[in-house]
*Asks:* 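Pasting a structure here, questions to come.
When reading the values below, keep in mind they use all heavy atoms of this one structure, side chains included, and skip hydrogens, waters and symmetry mates.
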Amino acid sequence: MRSAKALEVDLETVRAKYRAERDKRLRDDGNEQYQQVTGDFAYFVDDPYIEEAVQRGPEKRDVEVVIIGGGFGGMLAAVRLLEQGIDDVVIIEKGGDFGGTWYWNRYPGASCDIESYIYFPLLEETGFVPQQKYTNASETLAYCRTIAEKYELASKALFQTEVTATEWQEEHCRWSVTTSLGDELAARFVVHANGPLNRPKLPAIDGIGDYKGHTFHTSRWDYGYTGGTSAGGLSGLADKKVAIIGTGATAIQCVPHVAASAAQLYVFQRTPSSVEVRNNGDTDADWLKGQDAGWHDERRRNFETLLAGKPVKHDLVSDGWTDAFKLLVGGLRDKAPSRARLVLWALAGLASPKLYKKGLKKYLTDKAMAFMNVAEEMEIADYHKMQGIRDRVDHVVEDAATAEALKPYYRLFCKRPCFHDDYLASFNRPNVRLVDTDGRGVARITENAVMFDDVAYHVDCIIFATGFEVGTDYARRAGYQINGVDGLAISDKWADGMASYHGLHVHGFPNAFFFGPSQGGFSANFTYALDEQSRHVAYIVAALKQRGKKRSEAAAKAEADWVAEIVEKARDAEAFQEACTPGYYNNEGQLTRRRQDQAYGEGPVAFFDRLATWRAKDRLDGLDIR
Ligand code: NDP
């Protein structure tokens, strides 16, 4: 029995279309299709923003906590530790300043499409008022400096410094942390806050090394070549033919600026993104300042609750992210049987399973039957959302064939949803051409051209908007190896998938904390997850100090149980992800291979609640403490 809305959608046809689009993109090499930025390609990760190389002698000393990474994760870890009275902290950062993602990603148009009032952490503490509902990269970078100044973090930071290794030294009960500038720190604790999307990747396209023109990755934008700033005005491209490879969240933001400045732009697409309206607007400072204490956490929680498909009283953020889920939750509420009917239903089942099975329909209305098929209702809501996105393409893009090629045929959360008001319209410009590869990707690069379908597109510059490594070896992404008890390398420990307790602690790696989404709370608003992880780590370090303990390690059983739970919950989401077009959300379509690398399956809010309950018990359960 189907709801009225279901009858409007032929789900079988939709599923078949989505599956066909997925199938043509599936490939055996998965993550191996990408080229590492090492050797001849190492220049792709040079830092273009450093004005002067740092001059200092090596530091050799004991320290309570070393934090690796000076992005929001590392800064939040430092702040939450300071709040617990732990101030013997060193932050090691490869870039020339704080900012992490926002230090590196300064490409034109770079901005955050998670609402700034929830994306910016520590808003109540700093009293900062973001200029708009969605912030841009330069304001975000400036905000990182605001946080650094308020908490005096610069004096704790070693910039332009890369960690080369961390090694556990059992006899000293400390981590030896060595760096590219010869530092040798003996740290009681290490927080690995090195970012989940920190290592740029290139597609291993045939001939990529042959290209003789100018080229760079979006996360190292070369303004020396393009001119302009992250606000646009790329005057250096006025006489240039440019190729952008990739059409993910980054390309969506920089394409309109390159389109506005370059003589000719070719956008090479393998899979179209979903591009919703953005609807930015100025902040009402009085409204923000008039919020009650605790508003920030409440708003972050409200957003994530809706994204986990659970109802909230009011949708506080109310944007393209929450919209899809409001549709779903609202739809379910309309169809939900009354509470009394649900009780009767449950009692009938308890009293007589036979009656329950046979006579179920007698006890249930059509509405209640619809309620039972939540998965299908979600699919229907998703279809309507995606159809709205596809209709918008027709509405904006003038050329019918280009419009058709720009339509995404998959479920919304198969890939990172995008929000932009100018991207689609860029393809109406006479100097912009979409080269749709119909899922195949660019075939070849020559000395001076990008090739597809035997056509050579001659270009002066190739910009790789091809994203970051996800799901590859942890040490390769971090840029350093981690050797725990008896020298065990984290690469070996995790060779067949991640193993952790709460995503943070790893058996065999005492006093080390790992930030990231795997086996923890994956949140679209990633700074929220980093803040919760930071609070948790700060509590643990303080609790150990109070107890006079120096060593804490995930117990083998606690870790095994956690991994089992992650895998169990990941199975529930597998049908969804298996039907998705490949991308980093589903390990390039090779899902079951890394089942245990998934995030906590019940969503971030449930995960954060679990951590809070664990802290409230104040027993450090699951950790071996010495
Ligand atoms: P993505 O990994 O999302 O996109 C990479 C793009 O490169 C995809 O379109 C991919 O196609 C394409 N590609 C890869 N190989 C080839 C090939 N051989 N030929 C043609 N195209 C190819 O990287 P992004 O940098 O865009 O985004 C990474 C993440 O950063 C986002 O998912 C998001 O989490 C974050 N981000 C957040 C923003 C925000 O507002 N907060 C803004 C920008 C980024 P295919 O899809 O087929 O794999």
Side-chain angles (χ1 to χ4, degrees), residues 65 67-69 71-84 86 89 100-101 112 114-126 144 147 151 189 191-197 293-308 310 312 316-317 321 498 500-506 512-544 552 554 562 565-566 569 598-618 620-623:
V65 186
I67 298 171
I68 303 175
F72 275 127
M75 296 175 87
L76 283 162
V79 168
R80 298 303 180 201
L81 283 163
L82 287 171
E83 286 174 349
Q84 293 281 350
I86 296 147
V89 170
T101 288
C112 184
I114 299 290
E115 190 197 58
S116 58
Y117 320 131
I118 57 170
Y119 182 74
F120 280 168
L122 301 166
L123 272 188
E124 287 191 60
E125 289 86 341
T126 59
C144 289
I147 295 174
Y151 294 95
F189 300 95
V191 179
H192 299 274
N194 44 39
L197 296 170
W295 72 268
H296 192 231
D297 262 345
E298 189 195 334
R299 199 173 179 92
R300 299 196 288 192
R301 197 180 167 84
N302 179 278
F303 177 81
E304 289 300 344
T305 304
L306 256 180
L307 259 64
K310 297 192 179 123
V312 294
L316 297 176
V317 171
W321 288 92
M498 187 175 176
S500 81
Y501 178 49
H502 292 165
L504 279 166
H505 319 263
V506 182
F513 302 100
F514 295 83
F515 279 10
S518 289
Q519 297 196 356
F522 176 72
S523 161
N525 180 18
F526 194 55
T527 55
Y528 183 25
L530 292 170
D531 202 4
E532 290 295 321
Q533 287 175 324
S534 297
R535 284 181 167 142
H536 199 68
V537 165
Y539 157 80
I540 291 169
V541 173
L544 291 170
S552 151
W562 187 254
E565 193 179 337
I566 291 291
K569 290 190 162 68
Q598 301 296 310
Y600 183 73
E602 283 178 31
V605 173
F607 176 71
F608 303 152
D609 285 348
R610 233 166 119 175
L611 292 188
T613 307
W614 185 91
R615 292 195 295 273
K617 286 184 188 154
D618 199 28
L620 302 176
D621 289 341
L623 298 178

*Asks:* Kindly indicate, with the supporting measurements, whether the criterion side chain to side chain contact (heavy atoms under 4.5 Å, CB included) is fulfilled by V541 and Q84.
*Replies:* CA-CA 9 Å; V541 173; Q84 293 281 350; over 6 Å; no

*Asks:* State the SG-OH distance between C112 and Y119, to the nearest 0.5 angstrom.
*Replies:*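 So the SG of C112 and the OH of Y119 are separated by 5.0 Å.
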
*Asks:* Report the relative orientation of the aromatic rings in F607 and Y600; use parallel for angles under 30°, tilted for 30 to 60°, perpendicular for over 60°.
*Replies:*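 It falls in the tilted class, 30° to 60°.
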
*Asks:* Rounded to the nearest 0.5 Å, what's the gap from CZ on F513 to CD1 on I68? Could you check?
*Replies:*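 Spacing of CZ (F513) from CD1 (I68) equals 13.0 Å.
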
*Asks:* If I compare all heavy atoms of E304 with all of A524, which pair ends up nearest, and what's the gap?
*Replies:*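 Heavy-atom minimum between the residues: OE2-N, 3.6 Å.
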
*Asks:* Identify whether the distance between the nearest side-chain nitrogen and carboxylate oxygen of R80 and E125 falls below 4.0 Å.
*Replies:*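 A salt bridge is present here (some side-chain N lies under 4.0 Å from a carboxylate O).
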
*Asks:* In sequence, state the C-alpha distance, the side-chain angles, and the governing distance for V537 and F189, and then conclude on side chain to side chain contact (heavy atoms under 4.5 Å, CB included).
*Replies:* CA-CA 10 Å; V537 165; F189 300 95; over 6 Å; no

*Asks:* Just wondering, do V89 and I67 contact through their side chains at under 4.5 Å, heavy atoms?
*Replies:*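 Yes; the side chains approach each other to less than 4.5 Å.
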
*Asks:* Could you state the interatomic distance from CZ (F608) to OG1 (T613), rounded to the nearest 0.5 Å?
*Replies:*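 Here the rounded value is 13.0 Å.
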
*Asks:* What distance separates F515 CZ from L76 CG, expressed to the nearest 0.5 Å?
*Replies:*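 Rounded to the nearest 0.5 Å, the CZ-CG separation comes to 8.0 Å.
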
*Asks:* Angle between ring planes, F72 versus F120, binned at 30° and 60°: parallel, tilted or perpendicular?
*Replies:*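 Ring orientation, 0 to 90° scale: tilted.
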
*Asks:* Under the salt bridge (charged side-chain N to carboxylate O under 4.0 Å, His left out) rule, what do R301 and E298 come out as? Steps first, then yes or no, please.
*Replies:* CA-CA 5 Å; R301 197 180 167 84; E298 189 195 334; over 6 Å; no

*Asks:* Measure the spacing between CH2 of W295 and CZ of R300 and express it to the nearest 0.5 Å.
*Replies:*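 It comes to 9.0 Å.
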
*Asks:* Is N525 reaching over with its side chain to a backbone N or O of I118, donor-acceptor style, under 3.5 angstrom?
*Replies:*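 Yes; judged by distance alone, with no hydrogens or angles, the pair exists.
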
*Asks:* Tell me the closest heavy-atom pair linking L122 and H296, and the distance in Å.
*Replies:*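 Between these two residues, the closest heavy atoms are N-CE1, 4.0 Å.
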
*Asks:* Take L544 and L623, measure what side chain to side chain contact (heavy atoms under 4.5 Å, CB included) needs, and give me the verdict at the end.
*Replies:* CA-CA 11 Å; L544 291 170; L623 298 178; over 6 Å; no

*Asks:* Donor-acceptor pair, distance only, cut-off 3.5 Å: does the side chain of Q519 make one with the backbone of M498?
*Replies:*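 Here the side-chain-to-backbone pair exists.
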
*Asks:* Does this structure show an ion pair linking R610 with E602, if we count only N-O contacts that are shorter than 4.0 Å?
*Replies:*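 No.
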
*Asks:* For a quick test of reading the model, state the closest non-hydrogen atom pair linking S534 to G73 and the distance between them.
*Replies:*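 What the structure gives for the nearest pair is OG-O, 3.9 Å.
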
*Asks:* Taking all non-hydrogen atoms of both residues, which atom of F522 and which atom of A599 are closest, and how far apart?
*Replies:*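 Heavy atoms only, the tightest pair is CB-CB, 3.3 Å.
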
*Asks:* Quick one: CG on N194 to CZ on F514, what's the gap to the nearest 0.5 Å?
*Replies:*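 Answer rounded to 0.5 Å: 9.0 Å.
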
*Asks:* Can you name the nearest heavy-atom pair linking E124 to G294, along with the distance?
*Replies:*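 Closest pair (atom of E124, atom of G294, distance): OE1-N, 2.9 Å.
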
*Asks:* If you take all heavy atoms of C144 and M75, which pair is closest and at what distance?
*Replies:*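 Closest approach of C144 to M75, heavy atoms only: O-CE, 3.0 Å.
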
*Asks:* Kindly indicate, with the supporting measurements, whether the criterion side chain to side chain contact (heavy atoms under 4.5 Å, CB included) is fulfilled by E115 and F303.
*Replies:* CA-CA 10 Å; E115 190 197 58; F303 177 81; over 6 Å; no

*Asks:* Going by side-chain hydrogen bond (donor to acceptor under 3.5 Å, both in side chains), name the residues that satisfy it together with Y501, two or more places apart in sequence or in a different chain.
*Replies:*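 If we apply the side-chain hydrogen bond (donor to acceptor under 3.5 Å, both in side chains) test to Y501, skipping adjacent residues, the hits are W614.
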
*Asks:* Okay, side chain of Q598, backbone of I566: is any donor-acceptor separation there less than 3.5 Å?
*Replies:*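 Between the backbone of I566 and the side chain of Q598 there is no qualifying donor-acceptor contact (under 3.5 Å).
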
